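First comes the structure, then the notes that go with it.
Keep in mind that the numbers below use all heavy atoms, side chains included, and drop hydrogens, waters and symmetry copies. Along the sequence shown, residues carry numbers from 1. Quick caveat, the model's predicted, so the values are computed rather than measured.
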Amino acid sequence: KLKTKENRNYILQSISYQFQAYQQIQDGAPLRKILENITRASYMSFNDENVSSSSNISTTFTNNCQLQSSLWSRVGIPALADAMIDVILDQKDMKITLKDKLELIMRKAYLEYDHGNIDEAFELFNKHKNSIQDNLILLRIWESRELLLRVKSFLNRNRLRVVSILLGK
């Protein structure tokens, strides 16, 4: 029913394409289809005429970069996964919510861990933990993700007793 350009909501279409790409990643669809939807999502989010007045662009662009980072990480191209996270974290003029920024930092820590930089990964967690001490919801998410990374680290080193203590079993 969207026949005129004035009635189109590019942000919503971008979110829809992101969701389709996410579903295709989960279902194991061909890379070509996933990339088509990610490209469409990027185009829609940047083609919006109200981008300068819309605060939703930073959220959709952030989610798009996270989705692309996840895709490149799964495909096995870690340099592009890092680049997509760095694109967002290096933006000084873009207003990113605290939750989105923390999700990006957590993803960056996991990428550092996957590269073998274990100390840097835990340093990222420790460095930004103070900024969320007041927000209990974000603190719980933060601590659970950090715990998962610690468990993964101990499992990789065959320290099963420590893992059982951490998991409370």
dist Leu80:CG -> Met84:CE (nearest 0.5 Å) comes out at 8.5 Å
Please determine whether a side-chain nitrogen of the Lys or Arg among Lys33 and Asp27 lies less than 4.0 Å from a carboxylate oxygen of the Asp or Glu. no
How close do Leu35 and Thr39 get, counting heavy atoms only, and between which atoms? O-OG1, 2.7 Å
Strictly by modelled atom types, are Thr97 and Asp100 linked by a side-chain donor-acceptor pair under 3.5 Å? yes
Assess whether side chain to side chain contact (heavy atoms under 4.5 Å, CB included) is satisfied between Tyr113 and Phe125, documenting all intermediate values. CA-CA 11 Å; Tyr113 182 87; Phe125 270 104; over 6 Å; no
Distance-only, no hydrogens or angles: does the Asn64 side chain make a donor-acceptor pair with backbone N or O of Thr60 under 3.5 Å? no
Looking at NE2 of His128 and CG of Leu104, how far apart are the two atoms once the value is rounded to the nearest 0.5 Å? 10.5 Å
dist Gln20:CD -> Ile15:CD1 (nearest 0.5 Å) comes out at 12.5 Å
How long is the gap from CG on Leu71 to CD on Gln24, to the nearest 0.5 Å? 10.5 Å
Pairing residues for Phe154 by the ring pair (Phe, Tyr, Trp, His ring centres under 6.0 Å) criterion, not counting sequence neighbours: none
For Arg150, give me all partners under side chain to side chain donor-acceptor pair (under 3.5 Å), at least two apart in sequence or on another chain. Glu146
May I ask you to decide whether Arg107 forms a salt bridge with Glu103, counting only side-chain N to carboxylate O separations under 4.0 Å? no
Can you give me the closest heavy-atom contact between Leu148 and Tyr110, atom names plus distance? CB-OH, 3.5 Å
May I ask you to decide if Leu12's main-chain N or O and Ser16's side chain share a donor-acceptor pair within less than 3.5 Å? no
Please name the pair of heavy atoms, one in Ala41 and one in Ser14, separated by the smallest distance, quoted to 0.1 Å. O-OG, 2.9 Å
Is the closest side-chain heavy-atom distance between Lys108 and Asp86 below 4.5 Å? yes
Just wondering, more than 12 heavy atoms not from Lys152 lying within 6.0 Å of its NZ? yes
Between Gln18 and Asn37, is any side-chain donor less than 3.5 angstrom from a side-chain acceptor? no
In Å and rounded to the nearest 0.5 Å, what is the OG to CD1 distance from Ser73 to Ile85? 9.5 Å
